[in-house]
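Please read the structure below before turning to the comments.
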Amino acid sequence: MADRRSEPEMPQAKRLRTGDMDPASNPYLAHHYEDEGNGYGSRNGGRNGGSTQTGLSGFKRHQTTAAQADVAENGPLNPFNNNPLSPRYFDILKTRKDLPVHKQRQEFLNMFQQTQILVFVGETGSGKTTQIPQFVLFDDLPHFNGKLVACTQPRRVAAMSVAQRVANEMDVKLGEEVGYSIRFEDVTGPKTILKYMTDGMLLREAMHDHNLTRYSCIILDEAHERTLATDILMGLLKEVALRRPDLKIVIMSATLDAQKFQRYFNDAPLLAVPGRTHPVEIFYTPEPERDYVEAALRTVLQIHANEPEGDILLFLTGEEEIEDACRKITLEADEMTREADAGPLKVYPLYGTLPPHQQQKIFEPAPPPTRKGGPPGRKVVVGTNIAETSLTIDGIVYVVDPGFSKQKVYNPRIRVESLLVSPISKASAQQRAGRAGRTRPGKCFRLYTEAAFKKELIEQTHPEILRSNLANTVLELKKLGIDDLVHFDLMDPPAPETLMRALEELNYLACLDDDGDLTALGKLASEFPLDPALAVMLISSPEFYCSNEILSLTALLSVPQVFVRPASAKKRADEMKALFAHPDGDQLTMLNVYHAFKGADAQADSKKWCREHFLSLRALQSADNVRQQLKRIMEKSELDLISTDFNDKNYYTNIRRALVAGFFMQVAKKDSSGKTYKTVKDDQSVLLHPSTVLQVDSEWVLYNEFVLTTKNYVRTVTSIKPEWLLDIAPTYYDISTFKKGEIRTALERVNDKVKRKQQTKRPGR
DNA sequence: GAGCACTGC
């Protein structure tokens with residue numbers, strides 16, 4: 001038997017097609033081949049023919065057994081493509097059969113065959129993400145009907161890496177029988193029968209195919225994480241299940257709260273599989289700690305001094321806290337090494353905004369002893385929640401958990417999302433502790449009392465849908481064909497006030513009419529992977545003769561901050577930023593940055609150029625990527641790309657007016673005091689964020705976001721003229737709806753001025 | 001005079 005592939009082959013990522021001629025085609029379904037037949041034979045070019053015997057001959061859909069699958073898996077030919085199986089395949093097969101989930105294959109099949117919706121719970125190490133979809137393939141046989149099995153993941157990296165792993169397990173090339181689909185990258189083809197994808201990607205597909213007709217089975221993995229996309233998909237699948245009795249649905253989750261999923265899906269049957277992890281001993285503090293950071297540092301140093309070999313993971317809440325803690329631990333540990341003969345201690349920070357090469361450092365091995373036979377070295381990783389789910393570090397034996405994390409909260413009353421340091425949930429605490437038992441038995445030190453754990457921590461972190469502004473979600477639901485939002489069955493329905501705010505916002509943006517139905521503009525806006533205000537601004541941009549500029553700006557506003565400001569070089573970074581500054585504000589400054597970045601000088605060596613100018617290359621490249629995607633959607637939607645010459649006297653005014661078309665609800669006016677600003681309608685006192693390039697002589701500003709930290713700030717601001725508000729958003733700026741006060745008076749004055757001008761221009765009217 | 005936890009389209 002020849003090993004056809006000694007080298008793992010990396011997929012040639014298929015980029016989304018540009019300039020697609022078919023207006024009905026969905027840019028997210030790049031692999032929706034027109035020649036896709038109903039039978040497998042036509043899909044793989046007839047290579048197998050219709051009559052060729054495969055390892056699956058004799059398999060009857062939804063009537064197979066684990067024993068049958070076992071025989072087919074033993075070869076000699078690959079049951080899905082009739083190719084000879086490689087030695088590597090058989091090596092992996094052995095380890096697969098040892099996974100806990102394998103013992104329950106028949107039990108799984110019995111349930112899968114008997115019911116439409118199944119809840120499957122498995123702890124880490126059970127093998128559920130890689131094995132269950134394969135179990136499904138052997139029984140659901142999607143290729144017999146020209147369908148696919150989808151398995152969703154909350155994160156891109158997971159979708160990519162699991163797909164690669166399963167392709168190896170099935171001895172197929174990634175992108176053929178097994179593939180993945182994430183934003184910007186679709187590695188699937190006409191032969192694909194198992195597709196790993198992000199939950200957001202499946203949601204996008206559902207917006208164009210409300211019944212998800214391409215799939216014969218949908219597996220939602222990591223459902224317990226309760227991302228916005230997962231929650232919406234669950235609600236949708238519940239409805240689709242009624243319309244499509246042939247569709248199978250598997251909800252996979254961690255053990256906690258399994259009954260909630262069962263109840264939600266009309267008492268769906270449950271299958272539980274044990275995980276394979278090592279025991280973790282939990283320690284609590286006898287008394288509550290006053291200062292959790294100080295207690296955390298003390299605990300880390302005590303572990304280093306007293307506990308046997310093994311690495312430490314400490315959970316803190318944010319960048320600054322982490323960098324500060326790293327400095328302090330390093331100082332103290334060096335002293336311990338010098339004076340108390342402790343082993344060397346290497347400390348690594350870990351948080352999301354850290355560049356990838358620095359994130360990778362956490363995988364470096366612990367330092368060796370300073371001298372032969374001396375006490376062993378140790379590694380400490382000080383990280384945010386990113387270490388709780390997204391990144392797994394093997395070799396961690398000790399976890400220090402102060403019990404806090406930064407969480408997004410939404411206040412519908414003032415329409416502001418903000419980040420708040422809050423106590424974690426029991427589920428989170430359990431997940432954190434589990435990080436100590438990946439390779440051998442470990443210990444977890446909780447810096448709170450056992451009583452606090454039992455009585456004060458909530459069971460689960462509130463799902464994202466209860467903590468977000470839902471404008472975007474409501475638009476998505478409408479596009480999914482859900483007309484009656486109030487009766488749409490979500491697992492945790494959001495507060496009516498939050499829903500009302502979202503409907504109101506979409507109505508002002510003219511995405512929904514007064515009956516709450518999607519308008520033409522709303523339909524267009526839902527095509528874009530953007531917040532509604534950004535989408536509306538982009539769609540309106542041709543009217544303001546600046547589509548190309550707004551396209552760039554929209555992309556820039558939907559990626560992480562492009563300006564880099566390291567603590568060690570604040571002054572220099574500010575000087576560099578000043579080079580790009582536009583007197584009318586930050587949005588125009590960002591546009592200047594983008595134009596410079598696309599210029600010849602910068603493109604010659606973009607890495608060097610970005611470093612010199614204190615800009616994030618990653619963010620700019622990502623903006624470039626987003627821009628391309630948005631441009632394709634604009635072209636497909638037949639939106640004109642109109643711009644004036646750069647030297648046109650209205651070039652920047654046009655852009656500022658286009659900004660108003662999307663962000664007229666995010667405007668503030670300077671107070672009579674001249675120091676602070678007041679937001680229109682809400683009457684919130686705000687300050688311009690100190691990072692702004694705008695000089696404080698601007699009477700009216702439009703802002704991109706409201707940040708609640710030590711003070712109320714509006715960040716990323718542009719100066720605008722009040723007459724534009726009356727002109728571009730007359731419904732929202734209907735003066736009679738404003739309460740008496742400075743803002744109303746100011747608007748009235750502007751209105752009078754405009755009227756007078758019109759009269760002098762057109763006498764007699 | 002500043003603090004962006006983490007994802008996703």
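Please read all numbers here as calculations on a predicted model, not as lab measurements.
Counting only heavy atoms from C-beta on, A/Leu419 has its side chain closest to B/dC4 among B/dG3, B/dC4, B/dT7. Comparing B/dA5, B/dC4, B/dC9 against the side chain of A/Glu705 picks out B/dC4 as the nearest. Closest to the A/Pro690 side chain, of the nucleotides B/dG1, B/dT7, B/dG8, is B/dG1. Side-chain proximity of A/Tyr351 to the nucleotides B/dA2, B/dC6, B/dC9 is greatest for B/dC6. Of the candidates B/dC9, B/dA2, B/dC4, B/dC9 carries the atom nearest the A/Arg156 side chain, counting heavy atoms from C-beta on. Among the nucleotides B/dA2, B/dC9, B/dA5, the one closest to the side chain of A/Ile182 is B/dC9.
When rounded to the nearest whole Å, the span between CD1 of A/Ile386 and P of B/dG8 equals 10 Å. Between the CD atom of A/Glu320 and the C1' atom of B/dA5 there is a distance of 14 Å, given to the nearest Å. Residue A/Asp574 contributes atom CG, which lies 14 Å from atom P of B/dG1 at whole-angstrom precision. Distance CD (A/Gln431) to P (B/dT7): 14 Å, rounded to an integer number of Å. Nucleotide B/dC6 holds its P atom 13 Å from the CG atom of A/Leu316, rounded to whole Å. What separates CD of A/Glu319 from P of B/dA5 is a distance of 6 Å, to the nearest Å. Look at CD on A/Glu205: it is 15 Å from C1' on B/dG8, rounded to the nearest Å. Rounded to whole Å, the distance from CE on A/Met207 to C1' on B/dG8 is 13 Å.
When heavy atoms are screened at a 4.0 angstrom cut-off, A/Lys570 is found touching no nucleic acid atom at all. Residue A/Leu420 is out of contact with every strand shown, counting any heavy-atom pair closer than 4.0 Å. Residue A/Asp324 is out of contact with every strand shown, counting any heavy-atom pair closer than 4.0 Å.
In this model, no donor atom of one side chain and acceptor atom of the other lie less than 3.5 Å apart for A/Asp586 and A/Thr716. Residues A/Glu185 and A/Tyr180 have side chains that bring a donor and an acceptor to within less than 3.5 angstrom of each other.
In terms of position along DNA chain B, the nucleotide closest to A/Thr317 lies nearer the 5' end than the nucleotide closest to the other residue of the pair A/Thr317 and A/Asn472. Both A/Glu476 and A/Gly352 lie near DNA chain B, and the one whose nearest nucleotide falls closer to the 5' end is A/Gly352.
Contact annotation: A/Ser405 side-chain N/O to B/dC6 OP1/OP2 distance is not under 4.0 Å. The phosphate of B/dC6 has neither OP1 nor OP2 within less than 4.0 Å of any side-chain N or O from A/Lys406. Residue A/Thr384 places at least one side-chain N or O under 4.0 Å from the OP1 or OP2 atom of B/dC6.
Summarising the geometry, atom CG belonging to A/Leu466 is positioned 9.5 Å from atom CG belonging to A/Leu228; distances are rounded to the nearest 0.5 Å.
The aromatic rings of A/Phe453 and A/Tyr448 sit parallel to each other, their planes meeting at less than 30°, with 60° as the upper class boundary. The aromatic rings of A/Phe706 and A/Tyr703 sit perpendicular, their planes meeting at an angle over 60°, well past the 30° parallel limit.
For A/Lys406 (side chain) and A/Thr384 (main-chain N/O), no donor-acceptor pair under 3.5 Å exists by modelled atom type.
The base of B/dA2 lies outside donor-acceptor range of the side chain of A/Arg715, with no N or O pair under 3.5 Å.
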